[in-house]
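Values below: all heavy atoms of this structure, side chains included; hydrogens, waters and symmetry mates excluded. Letters go in sequence order (proteins before strands), and every chain restarts at 1.
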Amino acid sequence: MHFRRRIALVTGATAILASLVAAPVFAADSSGWHTNSLALTTSSVDGCKVQWWGYVDSAHTNEYSYCSGNIGLQIRYKLYSGSLTYTSNVDWGYSYVDVGAPIVLQSNTHH
Amino acid sequence: MVDFRRRQRDRRYRRSATAATRALAGTAALILVVGCSPDTNKTTGSEGLSEDTFSLVLAEARDEGAGASQMAALEQAEQDGEVTIEMAREATRRTVECIANAGLSAGYTERTTYTGLVIPGYEAGTSNPGDDVAWQQIESCDVAESYWINQLYQTQPTSWQARVDYANLHEAALRACLEENEIETDAQASGAELVDQAIDDSRTAGVCLREVGITSW
């Protein structure tokens with residue numbers, strides 16, 4: 001996965017606005033794909049504090065820094081039978097998203 | 001009342017620097033962003049999306065690779081003040097078609113959320129989970145055809161209000177679950193405020209929201 005990462009580095013009154021240039025293909029900041037796990041992982045996406053965790057059959061993410069914008073969650077998963085690994089489209093919320101599937105392998109938090 | 005800050009979330013969008021900016025800046029240089037846009041609360045109607053939200057989403061979509069059909073749908077939604085289920089369906093179907101045209105397995109799906117909102121979606125798969133080219137193709141199709149329409153559809157004010165109404169209906173169950181998990185609650189807190197409280201603690205987010213069926217907030 002080559003989701004673009006955008007890093008917020010706002011330094012109060014001294015913040016300088018960057019000139020934005022044309023972007024390459026992939027949109028939206030995201031955490032990148034990570035293994036679904038019970039372990040609570042904290043990170044920063046789009047300059048916002050997010051955390052994610054999961055169970056065998058679900059993945060969860062939430063944003064806890066009161067950033068504006070939305071938080072999205074996408075998963076890769078398997079069914080109980082069959083050889084394909086699937087990906088879902090993104091489920092969106094304001095601060096929390098929980099997505100379920102038979103066997104959740106990976107998740108990707110968007111902001 | 002729901003936490004004011006959270007109520008504002010759908011009226012503001014962050015603007016941030018692109019990866020291309022970062023690349024230009026170089027690894028040792030500063031990476032700068034534009035902060036949150038002003039919350040002017042300009043709305044297109046009582047149930048419409050904020051004009052600011054539309055303009056920001058349109059700009060982001062244009063900059064980040066949305067295709068012509070998705071841009072046309074976004075512009076139509078801007079005029080109408082909302083994203084309709086049909087717009088979301090059409091965008092998702094175009095995504096499925098794009099993925100299938102790339103030779104990958106893809107199917108259109110729909111599901112109904114806890115608030116009754118029907119969400120168009122897709123299942124796209126590969127027999128080789130290590131096939132980065134396949135995953136990249138799927139994401140490219142999503143970005144081109146439906147990423148922003150899908151996001152706006154799920155987060156527009158009518159969708160948000162339905163979540164608040166649902167949470168308030170389940171206030172008692174939410175309160176009971178939080179207290180069972182040793183989280184003190186304000187007796188005056190609404191169901192929506194209790195959801196916010198549950199989310200603040202990952203232990204209860206997974207347990208209490210699931211208990212009442214809340215899968216997104």
Find the distance between CD1 (Ile138(B)) and CZ (Arg76(A)) and round it off to the nearest 0.5 Å. 8.0 Å
Please report the interatomic distance CH2(Trp217(B)) to CD(Glu63(A)), rounded to the nearest 0.5 Å. 15.0 Å
Roughly how far, to the nearest 0.5 Å, is OG of Ser216(B) from OH of Tyr96(A)? 9.0 Å
Heaviest contributor of heavy-atom pairs below 4.5 Å to chain A, chosen from Gly121(B), Ala134(B), Ser159(B), Ala66(B), is Gly121(B)
Heavy-atom pair of closest approach, residues Val90(A) and Asn150(B): O-ND2, 3.1 Å
Asn89(A) backbone acceptor or donor facing Asp142(B) side chain under 3.5 Å: no
Residue by residue, which of residues 99-112 of chain B have a heavy atom closer than 4.5 Å to a heavy atom belonging to chain A? Ser105(B), Arg111(B)
Working to the nearest 0.5 angstrom, can you tell me the gap between Ile214(B) CD1 and Asp98(A) CG? 10.5 Å
Among Val97(A), Val99(A), Leu40(A), Thr87(A), who wins on heavy-atom pairs under 4.5 Å with chain B? Thr87(A)
Can you find a side-chain donor-acceptor pair between Tyr94(A) and Gln154(B) that sits under 3.5 Å? no
Provide the closest heavy-atom pair for Trp135(B) versus Thr85(A) in the form atom of the first, atom of the second, distance. CH2-O, 3.4 Å
Heavy-atom closest contact (Trp92(A) atom, Arg163(B) atom, distance): O-NH2, 3.4 Å
Rounded to the nearest 0.5 Å, what separation is found between the CZ atom of Arg210(B) and the OH atom of Tyr55(A)? 7.0 Å
For Thr61(A), is it the side chain, the backbone, both or neither that has a heavy atom under 4.5 Å from a heavy atom of chain B? neither
Is it the side chain or the backbone of Asn62(A) that comes within 4.5 Å of chain B heavy atoms, both, or neither? side chain
Spatial distance of atom CD (Glu123(B)) from atom CG (Leu84(A)) [nearest 0.5 Å]: 10.0 Å
